[in-house]
Amino acid sequence: MLDRKLILEDPERVRRNCELRGVQVDVSRLVDLEQRRREKLREAEELNRQANATSKSIGKASSPEEREQLKELGRQLREQKEAAQAEHDALEQEIVGLLMQIPNLTHPQAPVGGEEASREVGRGKTPVPTFDFPPRDHVELGALHDMIDFEGGARVAGSGFYFLKNDAVLLDLALQQFATRFLVERGFVPVTTPDVAHSAILQGIGFMPRGPETQIYSIENTDLNLVATAEITLGGLMAGQVLDAEQLPLRMVGISHCFRTEAGAAGRASKGLYRVHQFTKVEMFAFTLPDQSDAMHEELRQWECELFDALEIPYRVIDTATGDLGGPAYRKYDLEAWMPGRGEGGQWGEVTSTSNCTDYQARRLNIRYKIKGEKGTHLVHTLNGTAVAISRALIAIMENNQLADGSIRVPVALQPWVGKEVIEAPRTADEN
RNA sequence: GGAGAGGUGGCUGAGUGGUCGAAAGCGCCUCAUUGCUAAUGAGGUGACCGGGUAAAACCGGUCCGCAGGUUCGAAUCCUGUCCUCUCCGCCA
């Protein structure tokens with residue numbers, strides 16, 4: 001949510017920003033509503049003040065008649081106040097509805113335009129591999145090694161679910177271990193989080209539970225939803241809290257399962273593990289002072305790069321264009337890994353994403369900081385970034401590291417947990 | 001899941017339907033004082049929203065888990081709900 005004061009003071013800036021982001025909102029109507037709301041608020045407060053004063057005077061009334069007169073006056077004032085309040089509340093409701101549609105402001109250096117305007121700003125250390133054999137995709141490799149069972153997943157939970165088996169499980173746990181330890185060594189507080197959260201928390205982070213096009217699974221007869229990312233629970237952890245400025249920046253690394261309905265995603269490039277209803281993710285989250293968030297965003301991007309360099313996965317870094325940013329993001333970088341089995345002859349596929357959400361989430365979740373000795377509180381900035389989304393990292397590892405016989409090299413960084421250098425191809429019948 | 005107790009300011013903890021934003025203590029801040037530390041005395045000390053100001057001061061409103069209700073008036077009475085604690089049961 002944006003600051004209402006800013007919208008009143010510089011509606012033109014907000015309108016231009018909406019245009020940049022490809023969002024249609026009637027900003028001038030919002031300004032008009034907010035001005036009327038403030039007037040109504042003043043009116044209601046004034047009536048309330050008079051009613052309070054009247055109530056106080058009743059106890060001191062000299063005669064029973066005067067007492068009754070004052071009671072009647074009090075009644076009338078309360079009624080008028082309620083009427084003004086109701087008008088105010090109706091305005092407020094409409095304002096919040098509009099406010100929810102307005103995206104965050106945009107970093108001045110973010111590339112302007114639609115998806116095609118997004119800019120490549122870097123490459124990883126590992127080169128895109130060339131194969132002197134036709135490379136298999138991860139679905140084939142998964143079947144060959146009995147590592148991924150999509151049919152079993154479909155039988156138990158439906159299409160879009162899967163079982164990991166054998167070395168895929170060791171790789172899964174190795175990725176979690178590796179990423180978590182890497183970040184703990186760099187000052188992140190490790191956290192495992194609930195996999196469910198209240199609707200208000202989801203909304204605060206910027207997700208819309210229970211809408212017609214929702215990405216979110218919700219639990220019947222409760223206010224709980226399955227989380228789509230630990231960003232939701234890590235941000236929600238501090239909802240309504242006032243942090244000490246001295247504690248900031250606060251870095252956390254959270255592990256959660258992630259559930260996504262992927263409504264409307266059918267038919268898009270989504271073979272195998274690429275677009276699934278459940279996966280495990282190691283997620284970075286940071287709370288910072290306002291003047292720290294740009295630097296923190298660069299830091300999160302750097303950790304993502306170092307992690308994927310260490311995993312020997314070829315990738316490119318994308319500075320996401322304005323039209324492709326989610327509502328809460330002020331700026332967003334994606335890492336896209338090379339996936340040799342994707343499309344015809346390989347494609348880049350998103351494996352991480354890091355966003356600086358400035359105070360947009362903090363305002364809705366009411367997360368503030370206080371400077372010792374100073375009066376008042378201010379909103380923190382929040383940032384998030386993927387450390388490792390297991391399912392997509394698995395695709396990149398399996399497909400990039402395959403050998404001609406279907407064996408898969410295990411990245412050196414993961415070998416301590418997987419316990420082998422190579423996942424050997426099973427011997428075929430005629431080799432025996 | 002069953003039975004009971006409770007949710008009040010940074011913390012502990014009083015609180016009669018109006019004089020309660022709320023006693024007291026702790027903590028914190030300022031000043032005084034004993035050479036320093038420790039101790040003692042005096043005063044001060046909540047958050048949020050709106051207005052106001054160069055910034056303050058200042059003015060109004062809201063807040064006693066949360067949401068409703070009764071009343072001219074609710075921390076106090078009523079209803080619902082969430083959370084915490086204790087005991088029992090169950091369980092990883």
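Below, read A as the first sequence line, B as the second, and so on, with proteins coming before strands; counting in each chain starts at 1. Quick caveat, the model's predicted, so the values are computed rather than measured. All heavy atoms count here, side chains included; hydrogens, waters and symmetry mates do not.
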Quick check against the 3.5 Å criterion: does [X] have a side-chain atom that pairs as donor or acceptor with the backbone of [Y]?
X: Glu399(A); Y: Arg136(A); result: no
X: Ser256(A); Y: Thr193(A); result: no
X: His138(A); Y: Leu273(A); result: yes
X: Asp195(A); Y: His257(A); result: yes
X: Ser118(A); Y: Ala321(A); result: yes
X: Thr261(A); Y: Thr214(A); result: yes

Could you let me know what [N] is paired to, Watson-Crick or G-U wobble, both distances under 3.5 Å, or none if it's on its own?
N: C90(B); answer: none
N: A56(B); answer: none
N: C85(B); answer: G4(B)
N: G35(B); answer: none
N: C28(B); answer: G44(B)
N: G68(B); answer: C78(B)
N: C20(B); answer: none
N: G73(B); answer: none

Checklist entry - Is it the case that more than 12 heavy atoms not belonging to Arg13(A) sit under 6.0 Å from its CZ atom? => result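 Not buried by this count: 12 neighbours or fewer within 6.0 Å.
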Checklist entry - Around atom CD of Glu185(A), are there more than 12 heavy atoms of other residues, nucleotides or ligands at under 6.0 Å? => result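 Correct, the count exceeds 12.
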Next on the checklist: Please confirm whether the shortest side-chain N or O distance from Asn52(A) to OP1 or OP2 of U62(B) is below 4.0 Å.
Outcome noted: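 Indeed, a polar side-chain atom of Asn52(A) lies that close.
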Please give, in whole Å, the distance from [N] [atom2] to [X] [atom1]?
X: Leu77(A); N: G73(B); atom1: CG; atom2: C1'; value: 13 Å
X: Arg4(A); N: C49(B); atom1: CZ; atom2: P; value: 12 Å
X: Lys370(A); N: U45(B); atom1: NZ; atom2: C1'; value: 11 Å
X: Gln241(A); N: C48(B); atom1: CD; atom2: P; value: 14 Å
X: Leu47(A); N: U62(B); atom1: CG; atom2: C1'; value: 16 Å
X: Asn366(A); N: C63(B); atom1: CG; atom2: C1'; value: 13 Å
X: Asp244(A); N: G27(B); atom1: CG; atom2: P; value: 19 Å
X: His378(A); N: A47(B); atom1: NE2; atom2: P; value: 12 Å

Considering only atom [atom1], compute the distance from [N] to [M] and round it to an integer number of Å.
N: A74(B); M: A67(B); atom1: P; value: 15 Å
N: C36(B); M: G43(B); atom1: C1'; value: 25 Å
N: U53(B); M: A38(B); atom1: P; value: 45 Å
N: C59(B); M: G17(B); atom1: C1'; value: 28 Å
N: U84(B); M: C29(B); atom1: P; value: 34 Å
N: A57(B); M: A5(B); atom1: P; value: 46 Å
N: G21(B); M: A75(B); atom1: P; value: 8 Å
N: G13(B); M: U30(B); atom1: P; value: 29 Å

Next on the checklist: Does Arg368(A) reach a base, just sugar-phosphate, or nothing at all? Heavy atoms under 4.0 Å.
Outcome noted: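 Sugar-phosphate, no base atom in range.
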Next on the checklist: Can you tell me how the ring of His277(A) sits relative to the ring of Phe161(A), calling it parallel under 30°, perpendicular over 60° and tilted otherwise?
Outcome noted: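 Tilted.
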Checklist entry - Aromatic rings Phe308(A) and Tyr315(A): how do their planes relate, parallel, tilted or perpendicular, breaks at 30° and 60°? => result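 It falls in the perpendicular class, over 60°.
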Checklist entry - If each of Glu46(A) and Thr377(A) is mapped to the nucleotide of RNA chain B with the nearest heavy atom, which maps nearer the 5' terminus, i.e. the 5' end? => result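 Its nucleotide being nearer the 5' end, the pick is Thr377(A).
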N/O to N/O distances under 3.5 Å, protein versus nucleotides 50-56 of chain B:
residue	atom	partner	partner atom	Å
G51(B)	OP1	Arg38(A)	NH1	3.2

Could you go over nucleotides 67-72 of chain B and give all protein N or O partners under 3.5 Å, atom names and distances?
residue	atom	partner	partner atom	Å
C72(B)	OP1	Arg75(A)	NH1	2.2
C72(B)	O4'	Lys71(A)	O	3.2
C72(B)	O2'	Ser55(A)	OG	3.2

Next on the checklist: Can you tell me how far apart CE (Met238(A)) and CG (Leu365(A)) are? Round to the nearest 0.5 Å.
Outcome noted: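 Going from the CE atom of Met238(A) to the CG atom of Leu365(A) covers 12.0 Å.
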